[in-house]
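For ligands, and for the atoms within them, numbers begin at 1 and follow the listed sequence. All figures in this text were calculated on a predicted structure; none of them were measured in a lab.
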Amino acid sequence: MTIILGIESSCDETGVGIVGLRTDGTIELLADEVASSVEQHARFGGVVPEVASRAHLEAMVPIMKRAFATSGLELGDVDAIAVTCGPGLAGALLVGVSAAKAYAAALDVPLYGVNHLPGHVAADTLQHGPLPSPCLALLVSGGHTQLLQVDDLAGRITEIGSTIDDAAGEAYDKVARILGLPYPGGPPIDEAAKRGDPRAIRFPRGLTGPRDAKFDFSFSGLKTAVARWVENHERDGGAIPVDDVAASFQEAVADVLTAKAVRAAGELGIDTMVVSGGVAANSRLSGLAARRCAEAGIELRVPRPRLCTDNGAMIAALGAHLVAAGVRPSSLDLSTDPALLVNAVSV
Ligand code: KG4
Ligand code: ZN
């Protein structure tokens, strides 16, 4: 078995994962350790880059040690290292890439600088096995909302659509703030929505008009509509029905995401869909996606929440796909690229 170490530090999670690549091409998850600095950012309502970088620096070695302890492996067992080199926060990425270079140089093993976004898709292969080609990926996180055609995880990925303003997770975080719910906003809105009526308020569905880009997304107008609704309601002296607002907002997000993804799969003739990224943990999104995919004859794959949010195992898994495909490793002067495009799977 070829052992691949994965390092992730693009945002506020320091992740170290270890996977084993078998000769038949299947990948086994051997360790997945994550330290999050989310609590340090909570009072600011969003990730503070300098705080995140410092937290990565402090967490990297302890998390690395924990990953080796849980896997029962030793550093000398590692055959290759994969690290997120973009997209993400510049300072945060730098911590992971520097660590990966140090380990690669010390262990004299190949280094792969990889793209965080296909990493989210690779996470699913750890749970559900190899992906058919092609498949459609709906990537929904705090920083990204994209529809991707994945022909080959190791290199052929095409963006079909993306958000033109806020990411879906960003909209959750901003709406949570408007409603007085804690950061990150996804989980508390998901909970509140379960008690509310999704039909209470008809919030706008962005970019769903006949002349709009059919596979792009927009959530900024939705966020503003929620803010206006809450303002007007407060001006009229009413208490905010938080559960109904949360449920109605969540319905608008899940409706647009699933409608566009299912339509894209239909038009492209793709019959497998992967939904990944932090927002894929949302109960209404996965529920509605399951119903609409079943109606359209599409197989839906959603990795478990732990694999959906940022982690090192997904980076190790993507590294394993690159090793299996015989892709050339990166050089040791690899740099970070905070704006790396999704079609550059490795650099
Ligand atoms: O993938 P991720 O961990 O980090 C990024 O790469 O951004 O995603 C974090 C995002 C946050 O915006 C958070 O509010 C959202 O995922 N999120 C959720 C849920 N759990 C996390 N959004 C909706 N429903 C959830 N249950
Ligand atoms: Zn992510």
Side-chain angles (χ1 to χ4, degrees), residues 6-15 17 32 34-39 41-42 44-47 49 52 56 84-89 92-93 96 114-124 137-146 148 162-163 166-179 181-194 196 198 219 222-223 246-247 249-258 274-289 302-315 317-318 338 340 342:
I7 300 176
E8 156 63 34
S9 71
S10 65
C11 192
D12 58 345
E13 264 95 34
T14 314
D32 174 19
V34 174
S36 177
S37 60
V38 68
E39 279 165 19
H41 309 289
F44 302 105
V47 177
H56 285 307
T84 304
C85 62
L89 303 170
L93 289 165
V114 306
N115 191 316
H116 179 84
L117 303 173
H120 273 299
V121 185
D124 182 69
L138 171 63
L139 203 70
V140 274
S141 72
H144 299 276
T145 302
Q146 290 178 319
L148 307 171
S162 74
T163 180
D166 292 353
E170 200 178 345
Y172 267 92
D173 297 338
K174 288 177 175 170
V175 166
R177 204 178 170 137
I178 293 166
L179 294 176
L181 296 171
Y183 172 86
I189 288 186
D190 203 351
E191 277 313 303
K194 285 177 189 154
F219 295 106
L222 170 61
K223 168 203 67 192
F249 159 76
Q250 177 155 289
E251 194 61 21
V253 175
D255 181 22
V256 173
L257 287 173
T258 53
V274 180
V275 186
S276 191
V279 184
N282 185 261
S283 60
R284 181 57 181 155
L285 176 60
S286 51
L288 194 56
V302 186
R304 56 182 176 268
R306 164 98 197 186
L307 287 174
C308 280
T309 49
D310 289 351
N311 63 80
M314 71 189 207
I315 300 306
L318 183 55
L340 188 64
V342 69

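- In this structure, Tyr172 has its ring center closer than 6.0 angstrom to the ring center of Phe249.
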May I have a table of the N/O to N/O pairs between ligand 1 and the protein that fall below 3.5 Å, each row giving the two atom names and the distance to 0.1 Å?
unit_1: ligand 1; atom_1: 1 (O); unit_2: Gly278; atom_2: N; d: 2.9
unit_1: ligand 1; atom_1: 1 (O); unit_2: Asp310; atom_2: OD1; d: 3.4
unit_1: ligand 1; atom_1: 3 (O); unit_2: Asp310; atom_2: N; d: 3.4
unit_1: ligand 1; atom_1: 4 (O); unit_2: Asp310; atom_2: OD2; d: 3.3
unit_1: ligand 1; atom_1: 6 (O); unit_2: Asp310; atom_2: OD1; d: 3.2
unit_1: ligand 1; atom_1: 6 (O); unit_2: Asp310; atom_2: OD2; d: 3.1
unit_1: ligand 1; atom_1: 7 (O); unit_2: Gly142; atom_2: N; d: 2.8
unit_1: ligand 1; atom_1: 7 (O); unit_2: Gly143; atom_2: N; d: 3.3
unit_1: ligand 1; atom_1: 8 (O); unit_2: Gly142; atom_2: N; d: 3.4
unit_1: ligand 1; atom_1: 12 (O); unit_2: Gly169; atom_2: O; d: 3.1
unit_1: ligand 1; atom_1: 12 (O); unit_2: Asp173; atom_2: OD1; d: 3.4
unit_1: ligand 1; atom_1: 12 (O); unit_2: Asp173; atom_2: OD2; d: 2.9
unit_1: ligand 1; atom_1: 14 (O); unit_2: Asp173; atom_2: OD1; d: 2.8
unit_1: ligand 1; atom_1: 14 (O); unit_2: Gly186; atom_2: N; d: 3.0
unit_1: ligand 1; atom_1: 24 (N); unit_2: Asn282; atom_2: ND2; d: 2.9
unit_1: ligand 1; atom_1: 26 (N); unit_2: Asp190; atom_2: OD2; d: 3.0

- Task: Give the C-alpha distance, both sets of side-chain angles, the deciding distance and a yes or no for side chain to side chain contact (heavy atoms under 4.5 Å, CB included) between Asp124 and Ser276.
- Result: CA-CA 8 Å; Asp124 182 69; Ser276 191; 5.9 Å; no

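- Nearest approach of Leu285 to Ala280, heavy atoms of both residues: CD2-CA, 4.2 Å.
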- Message: One pair to check against side-chain hydrogen bond (donor to acceptor under 3.5 Å, both in side chains): Asn311 and Glu13. What are the steps and the verdict?
- Response: CA-CA 7 Å; Asn311 63 80; Glu13 264 95 34; over 6 Å; no

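- Within the 3.5 Å criterion, the main-chain N or O of Cys308 finds a donor-acceptor partner in the side chain of His120.
- Contact detail for Gly278 and Thr309: the closest heavy-atom pair is CA-CG2, 3.9 Å.
- The Zn ion (ligand 2) has His116 NE2, His120 NE2, Asp310 OD1 as protein N, O or S atoms under 2.8 Å away.
- Distance alone, capped at 3.5 Å, is enough to place a donor-acceptor pair between the Glu170 side chain and the Ala167 backbone.
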- Query: Which is it for Asp12 and His56 under the side-chain hydrogen bond (donor to acceptor under 3.5 Å, both in side chains) test, yes or no, and what are the steps along the way?
  - Reply: CA-CA 8 Å; Asp12 58 345; His56 285 307; over 6 Å; no

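- Classification of Asp190 and Arg284 as a salt-bridged pair fails, no side-chain N sitting under 4.0 Å from a carboxylate O.
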